[in-house]
There are 2 protein chains.
Amino acid sequence: MRLSRAAEYAVRCMLYLSTAGKGVLVGRRTIAREMDIPEQFLGKIAQQLARAGLIEIIQGVKGGFRLVVPPDELTLLMVIEAVIGEIFLNDCMLWPESCGRSPVCKVHVVWENARNQLRETLRKATFSSLITESPVLSPDAHSSLSLLNP
Amino acid sequence: MRLSRAAEYAVRCMLYLSTAGKGVLVGRRTIAREMDIPEQFLGKIAQQLARAGLIEIIQGVKGGFRLVVPPDELTLLMVIEAVIGEIFLNDCMLWPESCGRSPVCKVHVVWENARNQLRETLRKATFSSLITESPVLSPDAHSSLSLLNP
DNA sequence: GATAAATCAGACATTTTTTATCCTATTTAT
DNA sequence: ATAAATAGGATAAAAAATGTCTGATTTATC
């Protein structure tokens, strides 16, 4: 019932890119170092974010990632579902036909409500709201100052 | 991000016991058969439900399970957390000290809200409300009639 | 054009979690 | 005593998650 680490990494990455600003190119290594993400793993996650149209990946020397969606249109839900797929809280909701109890059973109604609530909460959380007046980096990430105070 | 099958089984088991009524003894094999749960696995799950004080396990010939809590006081939250532990949606909320971003970062506020909402929704869902006017058994479970129409 | 720095993409490895099952012991009605 | 039922620890099997390795590709720069 927990968020995967990959999704948590994705959020961290997008927080960093949001702080940098839409369209600003940041190297993969930089993000990995600043946000405590295994660099190769970040590569995999970035592919998913790119496929979802949230970032653009630039190859070659001076390559890296850049935010495509403006932070005030980017939501936690978009980032998380880009990585873990559409959120479902239980199986029978995902494959109602395999359960046989779905349309009639009130349990599924509860779960459906819970799911909708959760997704709505995550949809309301834009990255611009998440980075305002709130440090995104851990206290010991000194070098981040180069980004925040250019 | 999905509910474990064990928790789903637990819910099914409690739905059956709730239909039977508080204090009514039902054999493990019966529940397993009627609710499509592997019998040995159900045994394991029942131990957790018993430890949480939700059911009582009777050994010996004519043994089985019986509901301790009345269905109108029994909630989805109680059953699910008895099996999977207290619900947390992400790690940093569970071990804030390991993250270093917890108290300041707004992401965690969002997740905390989401968590509270989810738990509240599940807390409001009592088993008495879940079994009223709603068939709990799959259509092909003929033998269930012996329980429902004694 | 050659080189070096960067990412891509698929395969592979490792670890953790989940989902059971096996087997012996224990309990209890008859 | 016996037989039917569950307990509980050990173990197995499967699935998912978390990375890592390696060769290919892209691109700025010399």
Side-chain angles (χ1 to χ4, degrees), chain A residues 1-13 17 25-33 35-52 55-68 80 82-85 87-92 94-95 98, chain B residues 1-13 17 24-33 35-52 54-68 80 82-85 87-92 94-95 98:
Chain A
M1 204 67 183
R2 273 191 260 139
L3 198 62
S4 71
R5 186 159 305 199
E8 175 79 25
Y9 288 158
V11 172
R12 287 195 211 164
C13 171
L17 287 177
L25 189 66
V26 185
R28 185 177 73 179
R29 174 162 306 155
T30 303
I31 300 175
R33 176 172 14 94
M35 302 307 274
D36 255 321
I37 308 172
E39 194 187 332
Q40 303 274 358
F41 199 19
L42 175 57
K44 295 298 174 196
I45 295 165
Q47 288 172 23
Q48 298 181 275
L49 294 171
R51 263 180 241 127
I55 67 173
E56 188 183 5
I57 301 177
I58 309 298
Q59 285 204 28
V61 189
K62 301 233 172 188
F65 310 145
R66 70 158 60 116
L67 196 57
V68 166
I80 285 163
V83 172
I84 69 172
I87 289 179
F88 289 94
L89 296 180
N90 60 354
D91 280 341
C92 292
L94 190 47
W95 298 291
S98 75
Chain B
M1 206 66 184
R2 274 192 257 138
L3 198 63
S4 71
R5 188 161 303 200
E8 175 79 25
Y9 288 158
V11 172
R12 286 196 211 165
C13 172
L17 288 176
V24 177
L25 189 65
V26 185
R28 184 178 71 179
R29 176 162 306 156
T30 304
I31 301 175
R33 179 174 9 97
M35 301 307 275
D36 256 320
I37 308 172
E39 193 186 334
Q40 305 273 358
F41 197 20
L42 175 57
K44 295 298 175 199
I45 294 165
Q47 288 173 23
Q48 298 181 276
L49 294 171
R51 264 181 240 126
L54 304 183
I55 68 172
E56 191 183 2
I57 300 178
I58 309 298
Q59 284 202 27
V61 189
K62 301 231 172 192
F65 311 145
R66 71 159 59 115
L67 196 58
V68 167
I80 284 163
V83 172
I84 68 172
I87 289 179
F88 289 94
L89 295 182
N90 60 352
D91 279 339
C92 291
L94 190 48
W95 297 291
S98 74

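Naming: A, B, ... by sequence-line order, numbering from 1 per chain. Keep in mind it's a predicted model, so treat the numbers as computed, not measured.
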Spacing between [X] atom [atom1] and [N] atom [atom2], to the nearest angstrom:
X: Leu42(B); N: dT18(C); atom1: CG; atom2: P; value: 19 Å
X: Arg33(B); N: dA5(D); atom1: CZ; atom2: C1'; value: 14 Å
X: Arg29(B); N: dT21(C); atom1: CZ; atom2: P; value: 14 Å
X: Ile84(B); N: dT19(C); atom1: CD1; atom2: P; value: 11 Å
X: Arg51(B); N: dT6(D); atom1: CZ; atom2: P; value: 17 Å
X: Gln47(B); N: dA20(C); atom1: CD; atom2: P; value: 16 Å
X: Leu25(A); N: dA5(C); atom1: CG; atom2: P; value: 18 Å
X: Ile55(B); N: dA7(D); atom1: CD1; atom2: C1'; value: 13 Å

Dump every N/O contact between nucleotides 25-29 of chain D and the protein below 3.5 Å, one line per pair.
{"unit_1": "dT25(D)", "atom_1": "O2", "unit_2": "Gln59(A)", "atom_2": "OE1", "d": "3.4"}
{"unit_1": "dT26(D)", "atom_1": "O4'", "unit_2": "Gln59(A)", "atom_2": "OE1", "d": "3.0"}
{"unit_1": "dT26(D)", "atom_1": "O2", "unit_2": "Gly60(A)", "atom_2": "N", "d": "3.4"}

How does protein reach along nucleotides 14-23 of chain D, written 5' to 3' as B (base within reach of a heavy atom under 4.0 Å), S (only sugar-phosphate), or - (no contact)? ----SSBB--
Would you please name every residue forming a side chain to side chain contact (heavy atoms under 4.5 Å, CB included) with [X], sequence neighbours left out?
X: Leu25(B); value: Ile58(B), Arg66(B)
X: Thr30(B); value: Tyr16(B), Val26(B), Arg33(B), Glu34(B)
X: Ala10(B); value: Ile45(B), Leu49(B), Val79(B), Val83(B)

Sequence neighbours excluded, which residues qualify as salt bridge (charged side-chain N to carboxylate O under 4.0 Å, His left out) partners of Arg5(A)?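 Per chain and number, Arg5(A) pairs via salt bridge (charged side-chain N to carboxylate O under 4.0 Å, His left out) with no residue.
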Taking salt bridge (Lys or Arg N to Asp or Glu O under 4.0 Å) as the cut-off, I'd like each qualifying pair that reaches into residues 38-48 of chain A, sequence neighbours left out, listed once.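 As it turns out, the salt bridge (Lys or Arg N to Asp or Glu O under 4.0 Å) pairs with a partner in residues 38-48 of chain A, which skip direct neighbours, are Arg28(A)-Glu39(A), Arg29(A)-Glu39(A).
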Test side-chain hydrogen bond (donor to acceptor under 3.5 Å, both in side chains) applied to Gln59(B) - qualifying residues, sequence neighbours left out: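 By the side-chain hydrogen bond (donor to acceptor under 3.5 Å, both in side chains) rule, Gln59(B) matches no residue at all.
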Looking at every non-hydrogen atom in both residues, tell me the closest pair between Tyr9(A) and Asp36(A) and how far apart they are.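 It is CE2-O, 3.8 Å.
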